[in-house]
Colleague: 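Provided herewith is a single structure, encoded as structure tokens, for subsequent inquiry.
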Amino acid sequence: MAEPGGLEGRFNSGGNAPEQPAPWQDYQTVFTNAKAGMEGVDKEHVQRVVYEMSKDSAHFKNEQRKAVALEAKMARMRERSAALTPAELAAAARSVDARIASLEARRDLSRTWLHADMDCFYAAVHELERPELKSLPMAVGGIGMISTANYVARKFGVRSAMPGFIAKRLCPQLVFVPLDFPRYTAAAERVRAVFAQFDPAFESGGLDEAYLDITDYCREAGCSGEEAAAELRRRVREATGLTCSAGVAANRMLAKARARAEGICSDINKPDGQYVLPHSRAAVISFMDTLPARKIPCIGRVTESLLRGVLDVSTCGQLLGPQRARLPLLFSDTSAAFFLEAALGIAPTRHPPKVDTSVEPGRKGMSCERTFRAMRDAAAQEEMARQLVDSLAADMASEGLEGRNITLKLKLSTFEVRTRAATLPRHARCAADMLPAVLRLLRAEMPVELRLMGVRMAALRKHPDAELVH
DNA sequence: GGGTTCTGGACAG
DNA sequence: TTCCACTGTCCAGAACCC
Ligand SMILES: Cc1cn([C@H]2C[C@H](O)[C@@H](COP(=O)(O)OP(=O)(O)OP(=O)(O)O)O2)c(=O)[nH]c1=O
Ligand SMILES: [Mg+2]
């Protein structure tokens, strides 16, 4: 998204706290971002435990390597920013302002969007069948990795994407429940049946969330977005026993950001909530003004720190401030355009056209990867490749797909990731047609000590004699 | 100049 | 089969093609 760039030293040259932070305070992992369920958590304690359990690991070394690379990129962008001339900045400001004006002229506040997100989804599904788990700290996943945790566990600082052994240290009584995708899929189906009542064309993002254009529903039911959200949550609870949170606003991005601002993903834990952003330009502008840029979907940890480190920007309002002229000069055209639209609170208000999945693959790629105990043995690695290719081929067959571009993914014991791709002479459908290329790619990397191997097929198409599934 | 392929990486859930 | 996952999308930059 972002790219090397230049700088503007005066904005952040001397702004650091005088006291040196303890090393664990400096360890910015994904867990340092507060999330739903984190109220009343001793964040310092959590951060210290995470740091102590990480600091001597290969994983930690790799994180440091990435941090150094990010720092270097930031330094290049600062330099470039500092080198910008007043003439360049003035010209850029004119074009940015023209773009803002034209975006503003086409702002569409006529639609009503709802973003729905299930609360603690995987954990809630398990609690449905085993109610006794509700009062126990529980995490879904294993000792290696946690997918999500219930509210009791979150109070201990346990959260998504946290390795289980660290979570166990934070909360020794933690109960682990293994992943059970068939259950989540079944629950998602029931939830989606409810979503369809409000918008038959709803778009799901993963198993547990969806974007709904409820404009038509509201008109037909003669209700407000707020009332529709309450009704949707009521029907979801009635049909599934699960709770969800909803954001309502004039477009999809705002609907999600509105909920993220104080519900999901916020410091305050508010499950089963709904959040409405009024359809007025003033409301949108004032909401965006103080909204942390990080709350915008697509602005992650890295982009957030680039914006802060290079431009001293942390809110959407600041994105539109004096620094706006630097955006197109420091970031790619697409990134800069995206930042502007996002900061203005502008996003698509219509569903994209549907693709016919009986003709189109319905996806761009399909992959399969596995983590295992460090492995050096070449024969064992080749056997692993065979297994992965077998299961990939089986997955592709289940959707009647064949592909022409195969990628081998390796994660070394050092956590360094390598991908090696090959374009096949013709589309491959069965494992036997994929394996030779995969083995060739693998052998070219040997000797290596691996902790993960994966295979991915792209350039997909539906093969001619594919049966239409149900 | 354009296109394509390959690689690494950000992001999301 | 584990002491930091797995699946999928998109993008930028480099290398290579014409
Ligand atoms: C964030 C995340 C989620 N998941 C899975 C587990 C989650 O239950 C499911 C939905 O993700 P989320 O909606 O991000 O989380 P959640 O539903 O568990 O909790 P919240 O109440 O805050 O919405 O996706 C992962 O497997 N890995 C991840 O890193
Ligand atoms: Mg959720």
Side-chain angles (χ1 to χ4, degrees), chain A residues 1-5 29-31 35 50 53-63 65-66 69-70 73 117-118 120-122 139-148 159-169 178-179 181 184 188 204-210 256 260 264-265 294 296-306 331-335 338 361-375 380 383-384 387-388 391-392 395 404-411 413 415-424 441 450-460:
Chain A
M1 164 159 276
E3 84 188 74
T29 70
V30 352
F31 317 120
K35 210 195 161 175
V50 170
M53 299 211 61
S54 304
K55 66 181 189 338
D56 299 319
S57 66
H59 180 266
F60 185 82
K61 271 203 184 60
N62 191 248
E63 291 301 302
R65 182 185 60 76
K66 293 197 295 193
L70 176 60
K73 177 177 193 169
D117 188 317
M118 304 304 295
C120 289
F121 187 54
Y122 294 0
V140 180
I143 204 69
M145 182 54 62
I146 285 172
S147 279
T148 195
R159 51 158 300 162
S160 288
M162 177 180 276
F165 66 94
I166 292 180
K168 191 86 186 165
R169 180 64 66 91
L179 256 351
F181 280 105
Y184 313 141
S204 36
L207 281 179
D208 97 314
E209 63 176 78
K256 179 163 191 172
R260 277 166 79 129
I264 322 286
C265 283
R294 181 69 170 86
I296 290 182
C298 289
I299 297 189
R301 207 167 49 89
V302 170
T303 307
E304 175 190 36
S305 67
L306 283 179
F331 293 89
S332 69
D333 288 350
T334 43
S335 294
F338 172 76
R363 55 159 83 224
K364 300 290 174 59
M366 190 178 252
S367 67
C368 172
E369 65 185 56
R370 221 143 92 195
T371 296
F372 39 77
R373 204 159 36 199
M375 183 191 287
E383 176 54 26
M384 180 63 63
Q387 286 181 21
L388 288 164
S391 58
L392 178 63
D395 289 348
R404 195 147 188 275
N405 193 297
I406 194 141
T407 304
L408 172 72
K409 172 175 170 176
L410 304 175
K411 191 188 284 179
S413 301
F415 286 85
E416 174 193 338
V417 174
R418 290 185 197 166
T419 60
R420 297 291 181 261
T423 299
L424 303 174
L441 295 171
L450 302 178
R451 74 177 335 270
L452 171 147
M453 191 183 297
V455 286
R456 168 187 162 81
M457 187 69 89
L460 300 177

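Given the structure is predicted, the values throughout are model-derived calculations rather than measurements. Each chain gets a letter, A, B and so on, in the order the sequences are listed, and its residues count up from 1.
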Colleague: What pairs of donor and acceptor atoms, side-chain ones from residues 366-375 of chain A against any protein atom, are under 3.5 angstrom apart with sequence neighbours left out?
Modeller:
| from | atom 1 | to | atom 2 | distance (Å) |
| --- | --- | --- | --- | --- |
| Glu369(A) | OE1 | Lys409(A) | NZ | 3.3 |
| Arg370(A) | NH2 | Gln387(A) | OE1 | 2.9 |

Colleague: Can you tell me how far CG of Leu460(A) sits from NZ of Lys364(A), rounded to the nearest 0.5 angstrom?
Modeller: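 The NZ atom of Lys364(A) sits 10.0 Å away from the CG atom of Leu460(A).
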Colleague: Return no unless some side-chain N or O of Thr371(A) is found under 4.0 Å from OP1 or OP2 of dT2(C).
Modeller: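 No, no such contact exists.
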Colleague: Taking any heavy-atom pair under 4.0 Å as a contact, classify Arg420(A): base, sugar-phosphate, or nothing.
Modeller: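 Sugar-phosphate: the residue Arg420(A), judged by heavy atoms under 4.0 Å, touches backbone atoms but no base.
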Colleague: Under 4.0 Å between a side-chain N/O of Arg169(A) and OP1 or OP2 of dC3(C), yes or no?
Modeller: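 Looking at the OP1 and OP2 atoms of dC3(C), neither is under 4.0 Å from any side-chain N or O of Arg169(A).
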Colleague: Side-chain donor or acceptor of Ser54(A) under 3.5 Å from a matching atom on the base of dC4(C)?
Modeller: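 Counting by modelled atom types and ignoring angles, a donor-acceptor contact under 3.5 Å is found here.
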Colleague: Considering only the P atoms, how many Å lie between dT1(C) and dC6(C), rounded to the nearest integer?
Modeller: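 Per the computed distance, 15 Å lies between those P atoms.
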Colleague: Which residue, Glu416(A) or Arg404(A), contacts DNA chain B at a nucleotide closer to its 5' end, judged by nearest heavy atom?
Modeller: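 Per heavy-atom nearest nucleotide, the more 5' residue is Arg404(A).
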Colleague: Quantified in whole Å, what is the P atom distance between nucleotide dA5(C) and nucleotide dG9(B)?
Modeller: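 Comparing P positions in dA5(C) and dG9(B) gives a spacing of 16 Å.
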Colleague: Using a 4.0 Å heavy-atom cut-off across all strands, classify Met53(A) as base, sugar-phosphate, or nothing.
Modeller: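 Nothing, no nucleic acid heavy atom in range.
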Colleague: Please figure out whether Ala374(A) or Arg456(A) has its closest DNA chain C nucleotide nearer the 5' end.
Modeller: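 Mapping each residue to its closest nucleotide by heavy atoms, the 5'-most match is Ala374(A).
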Colleague: Pick the closest DNA chain B nucleotide for Ile296(A) and for Thr419(A) by heavy atoms, then say which residue is nearer the 5' end.
Modeller: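 Checking each residue's closest nucleotide, the 5'-ward one belongs to Thr419(A).
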Colleague: At 4.0 Å (heavy atoms only), tell me whether Leu207(A) reaches a base, stays on the sugar-phosphate, or touches nothing.
Modeller: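 Nothing: the residue Leu207(A), judged by heavy atoms under 4.0 Å, touches no strand.
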Colleague: May I ask you to evaluate whether Asn405(A) reaches the phosphate of dC6(B), defined as a side-chain N or O under 4.0 Å from OP1 or OP2?
Modeller: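 Yes, such a contact exists.
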Colleague: With a cut-off of less than 4.0 Å, is there a side-chain N or O of Thr423(A) near OP1 or OP2 of dC6(B)?
Modeller: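 The answer is yes; a side-chain N or O of Thr423(A) sits under 4.0 Å from OP1 or OP2.
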Colleague: Heavy atoms only, 4.0 Å cut-off, all strands: where does Gly365(A) land among base, sugar-phosphate and nothing?
Modeller: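 Gly365(A): backbone/sugar contact only, no base atoms under 4.0 Å.
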Colleague: Can you tell me if the side-chain N/O atoms of Lys411(A) get under 4.0 Å from OP1 or OP2 in dA5(C)?
Modeller: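 For dA5(C), OP1 or OP2 has a side-chain N or O of Lys411(A) closer than 4.0 Å.
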Colleague: Taking Watson-Crick (N1-N3 plus N6-O4 or O6-N4) and G-U wobble (N1-O2, O6-N3), each under 3.5 Å, can you produce the dot-bracket string of DNA chain C? Use [ ] for crossing pairs and | for inter-strand ones.
Modeller: .....|||||||||||||
